[in-house]
Amino acid sequence: MTHYDLAIIGSGSGNSLITPEWDGRKVAVIDGGTFGGTCLNVGCIPTKMFVYPAQLAGSTEEAARLGVDLRVDSVRWEEIRDRIFGRIDAISEGGRRYRAEQLENVTLYSEYVRFTGSRRLETASGQEITADQIVIAAGSRPVLPDIPGIDLPQVHTSDTVMRVEKLPGRILILGGGYIAAEFGFVFSAFGSQVTMAVRSGALLRAQDETVSERFTAAAAAQWDVRLNHTVDSLAENADGSVRAVLSGPAGPAELDVDLVLVATGRTPNTDRLDVQAAGFDVEEDGRLAVDEYQRVHSAGQPVPGIWALGDVSSEHQLKHVANHEARVVSHNLLHPNELQASSHRFVPAAVFSQPQVASVGLTEAQARDYAAEEGLDLVTVVQDYGSTAYGWAMEDTTGFVKLLADRSSGRLLGAHIMGHEASMLLQPLVQAMVFGLDAYTMARGQYWIHPALTEVVENALLSLNSKPQSTGLQP
Ligand SMILES: Cc1cc2nc3c(=O)[nH]c(=O)nc-3n(C[C@H](O)[C@H](O)[C@H](O)COP(=O)(O)OP(=O)(O)OC[C@H]3O[C@@H](n4cnc5c(N)ncnc54)[C@H](O)[C@@H]3O)c2cc1C
Ligand SMILES: NC(=O)c1ccc[n+]([C@@H]2O[C@H](COP(=O)([O-])OP(=O)(O)OC[C@H]3O[C@@H](n4cnc5c(N)ncnc54)[C@H](O)[C@@H]3O)[C@@H](O)[C@H]2O)c1
């Protein structure tokens with residue numbers, strides 16, 4: 001058995017905890033998967049590296065509308081894939097080598113681990129590890145629905161689909177959330193024939209209703225979206241393709257595809273850690289129960305020295321949330337008497353599809369309930385990109401900014417943007433919400449560059465109040 005001052009399970013966001021303050025103290029990093037975790041290897045970063053060239057490939061129709069005839073002669077999938085992973089694999093390997101070989105106080109265990117007691121771990125090869133403090137940063141993994149044929153080699157998740165040998169000609173995507181929306185766009189822009197089977201009546205259903213409705217329409221204009229459809233079975237054809245049987249409002253239908261992508265959510269890795277052996281509390285959805293200091297709980301009480309962060313314990317499966325929680329844990333590990341709390345008040349998120357979607361705060365349905373409870377006068381504004389000069393330049397027909405606010409104070413309750421660079425347009429609204437800047441001061445207390453696309457945000461803010469607004473910039 002080897003004892004450490006600190007043991008970290010998971011080398012994704014967990015890797016950032018090894019700061020210089022730990023020099024001279026014994027630290028174990030344990031990861032049975034690829035060093036660097038989800039975001040770097042199979043998540044945020046490679047997906048966006050595919051989205052960017054997909055935006056180039058997918059711009060021909062938009063260009064033609066503006067009088068520029070572009071043609072995509074070919075998409076060199078193998079080259080794109082190898083460029084992306086040539087970069088990413090090197091970063092992952094460099095990080096692994098640094099931890100494994102260059103830090104005297106750090107030991108890297110490249111294997112899976114599970115709890116055998118609250119402060120005791122056993123690795124897959126049977127090595128026992130104990131530690132004064134343990135951070136659980138073990139992330140989440142894709143969920144596979146129980147469908148006959150789900151284990152066929154042609155069936156992929158986001159873990160494997162980005163590395164396939166060649167661009168699939170026909171692809172079936174299950175699900176209508178983040179991953180489905182991003183890969184639906186990438187593959188369709190690259191020229192694959194995409195069919196998306198969605199159980200419910202809309203894509204991105206967790207989003208504000210206007211976003212979900214308009215995104216569904218925009219997606220359906222680009223690829224085959226089958227709403228209210230389930231996939232009942234998958235079977236291999238003699239030629240190596242897959243026959244899917246789908247059920248929808250018009251009855252069952254068969255579809256032959258070359259590849260199936262399952263994007264039906266991700267589950268926290270608590271089960272594989274045997275957290276029950278340690279007596280840790282688990283939420284209904286499988287997340288580890290933590291308090292605002294990221295302390296893991298047992299029977300409702302914090303367990304001293306046991307922390308969790310990121311997807312394994314967070315209701316937001318987002319990298320910027322995992323990073324924030326890692327900064328909190330990093331502080332708390334070293335300052336047990338001055339604990340810092342994490343904040344999940346205004347968590348923004350973006351879906352990097354076409355169109356892009358970005359949001360923060362309440363949806364309209366949530367804002368209605370909140371306003372009723374608090375006695376607020378809820379005001380909702382939808383401002384189209386096409387109503388501003390830059391929107392004219394783009395001949396934009398789909399982009400919009402939707403704001404929800406309390407009319408009298410101008411306090412923003414939610415902001416939702418769909419369209420070109422939505423994630424960038426959203427950030428000033430996140431800033432306003434976090435720092436308590438009201439919509440009216442935000443609109444008139446600063447210059448807005450003309451004729452930038454940010455004017456759509458300015459106009460949305462102004463539209464929240466029909467009353468005349470303060471004229472003024474700060475002198
Ligand atoms: C396709 C895709 C795209 C995404 N895009 C975005 C995006 O654009 N923006 C965004 O904010 N978020 C995005 N996310 C979500 C983001 O990747 C995650 O929220 C984030 O990576 C979680 O980080 P983490 O540190 O909690 O876990 P991870 O990075 O998953 O790290 C957990 C590590 O723990 C290891 N591990 C698990 N169990 C054990 C065990 N028992 N023993 C030892 N090691 C173990 C795993 O091998 C893994 O390396 C995306 C996710 C996916 C799948
Ligand atoms: N840009 C980003 O920030 C980004 C990108 C990708 C992933 N992520 C994170 O990863 C998480 C996982 O992504 P995801 O797209 O897999 O999950 P998701 O929760 O966004 O969407 C899951 C989809 O699958 C459907 N579904 C669930 N079970 C099903 C079943 N049995 N059969 C058919 N459909 C089913 C749901 O209705 C939903 O449409 C996201 O919630 C997000 O937090 C973030």
**Q** As an exercise, state the distance from CG of Leu246 to CZ of Arg226, rounded to the nearest 0.5 Å.
**A**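 Taking CG in Leu246 and CZ in Arg226, the distance rounds to 6.0 Å.
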**Q** Ser200: which residues meet the side chain to side chain contact (heavy atoms under 4.5 Å, CB included) condition with it, sequence neighbours left out?
**A**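 Ser200: side chain to side chain contact (heavy atoms under 4.5 Å, CB included) contacts with Val198, Arg205.
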**Q** Would you please name every residue forming a salt bridge (Lys or Arg N to Asp or Glu O under 4.0 Å) with Glu213, sequence neighbours left out?
**A** none
**Q** Is there a side-chain contact between His229 and Ser247, using heavy atoms and a 4.5 Å cut-off?
**A** no
**Q** A side-chain contact here means heavy atoms from C-beta on lying under 4.5 Å apart; do His3 and Lys26 qualify?
**A** no
**Q** Determine, step by step, whether Asp69 and Arg71 satisfy the salt bridge (charged side-chain N to carboxylate O under 4.0 Å, His left out) criterion, reporting the C-alpha distance in whole Å, the side-chain angles of both residues, the deciding distance to 0.1 Å, and the verdict.
**A** CA-CA 7 Å; Asp69 292 323; Arg71 202 181 56 216; over 6 Å; no
**Q** Can you tell if the side chain of Leu108 reaches within under 4.5 Å of the side chain of Tyr98, non-hydrogen atoms only?
**A**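 Side chain of Leu108 against side chain of Tyr98, heavy atoms only: no contact under 4.5 Å found.
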**Q** Look at Arg97 together with Glu93 and state whether they make a salt bridge at an N to O cut-off of under 4.0 Å.
**A**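 Salt bridge present between Arg97 and Glu93.
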**Q** Between Gln317 and Arg266 (side chain of the first, backbone of the second, donor and acceptor by atom type, cut-off under 3.5 Å), is there such a pair?
**A**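 Looks like yes, one N/O pair under 3.5 Å.
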**Q** May I ask you to establish whether Arg214 and Phe400 are in a cation-pi arrangement, using a distance under 6.0 Å from NZ or CZ to the six-membered ring centre and at most 45° from the ring axis?
**A**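 Yes - Arg214 lies over the ring of Phe400, closer than 6.0 Å to its centre and within 45° of its axis.
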**Q** Mind checking whether Asn323 and Ser13 have side chains closer than 4.5 Å, heavy atoms only?
**A**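 Side-chain contact under 4.5 Å: yes.
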**Q** Tell me, with the steps shown, if Lys166 and Glu78 meet salt bridge (charged side-chain N to carboxylate O under 4.0 Å, His left out).
**A** CA-CA 7 Å; Lys166 55 184 184 78; Glu78 293 83 349; over 6 Å; no
**Q** Any salt bridge linking Arg65 with Glu395? Criterion: basic side-chain nitrogen under 4.0 Å from a carboxylate oxygen.
**A** no
**Q** With salt bridge (charged side-chain N to carboxylate O under 4.0 Å, His left out) as the test, pick out the partner of Arg141 among Asp271, Asp311, Asp159.
**A** Asp271
**Q** Determine whether a donor-acceptor pair (N or O, by modelled atom type, separation under 3.5 Å) exists between the side chain of Asp291 and the backbone of Val296.
**A**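 No, the answer is negative, given that no donor and acceptor are paired below the 3.5 Å cut-off.
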**Q** State whether Asp89 and Arg163 are salt-bridged, where the test is any N-O pair (Lys NZ or Arg NE/NH1/NH2 against Asp/Glu carboxylate O) under 4.0 Å.
**A**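 Answer for the salt bridge query: yes.
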**Q** Go through the steps to decide whether Arg368 and Glu364 satisfy the test salt bridge (charged side-chain N to carboxylate O under 4.0 Å, His left out), and finish with yes or no.
**A** CA-CA 6 Å; Arg368 254 189 258 119; Glu364 186 174 347; 3.6 Å; yes
**Q** Treating Asp31 as the side-chain partner and Gly33 as the backbone partner, does any N or O pair qualify as donor plus acceptor under 3.5 Å?
**A** yes
**Q** Report yes or no: does His420 contribute a side-chain atom to a donor-acceptor pair with the main-chain N or O of Met394 at less than 3.5 Å?
**A** no
**Q** Treating Glu111 as the side-chain partner and Ile30 as the backbone partner, does any N or O pair qualify as donor plus acceptor under 3.5 Å?
**A**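 Flag not set: sc Glu111 to bb Ile30 has no pair under 3.5 Å.
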**Q** Does Arg87 have more than 12 heavy atoms from other residues, nucleotides or ligands lying within 6.0 Å of its CZ?
**A** no
**Q** Is it the case that over 12 heavy atoms from other parts of the model lie below 6.0 angstrom from the CZ atom of Arg76?
**A** no
**Q** Looking at Phe115, I'd like to know if the NZ or CZ of Arg120 sits under 6.0 Å from its six-membered ring centre while staying within 45 degrees of the ring's axis.
**A**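 That pair does not qualify as a cation-pi contact.
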**Q** Determine, step by step, whether Arg287 and Thr270 satisfy the side chain to side chain contact (heavy atoms under 4.5 Å, CB included) criterion, reporting the C-alpha distance in whole Å, the side-chain angles of both residues, the deciding distance to 0.1 Å, and the verdict.
**A** CA-CA 7 Å; Arg287 281 181 291 131; Thr270 37; over 6 Å; no
**Q** Judged by atom type as modelled, is there a donor-acceptor pair below 3.5 Å linking the side chain of Arg81 to the main-chain atoms of Val164?
**A**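 Checking the backbone N and O of Val164 against the side chain of Arg81, a donor-acceptor pair under 3.5 Å is found.
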**Q** Using distance only, find each side-chain donor-acceptor pair of residues 42-57 under 3.5 Å and give its atom names and separation, not counting sequence neighbours.
**A**
residue: Thr47; atom: OG1; partner: Gly43; partner atom: O; Å: 2.8
residue: Thr47; atom: OG1; partner: Cys44; partner atom: O; Å: 2.9
residue: Lys48; atom: NZ; partner: Glu182; partner atom: OE1; Å: 2.9
residue: Lys48; atom: NZ; partner: Glu182; partner atom: OE2; Å: 3.4

**Q** Hey, are the side chains of Thr107 and Tyr4 touching, using non-hydrogen atoms and a 4.5 Å cut-off?
**A**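 Contact flag for Thr107/Tyr4 side chains = yes.
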**Q** Does the pair Asp256/Arg170 count as a salt bridge with the N-to-O cut at 4.0 Å?
**A** no
**Q** State, with a plain yes or no, whether a side-chain heavy atom of Ile8 is found less than 4.5 Å away from one of Val27.
**A**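 Yes, close enough: below the 4.5 Å cut-off.
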**Q** Do the side chains of Glu101 and Arg96 get nearer than 4.5 Å, heavy atoms only?
**A**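 In short, these two side chains touch, coming nearer than 4.5 Å.
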**Q** Do Leu203 and Val225 come close enough that some side-chain heavy atom pair is under 4.5 Å?
**A** yes
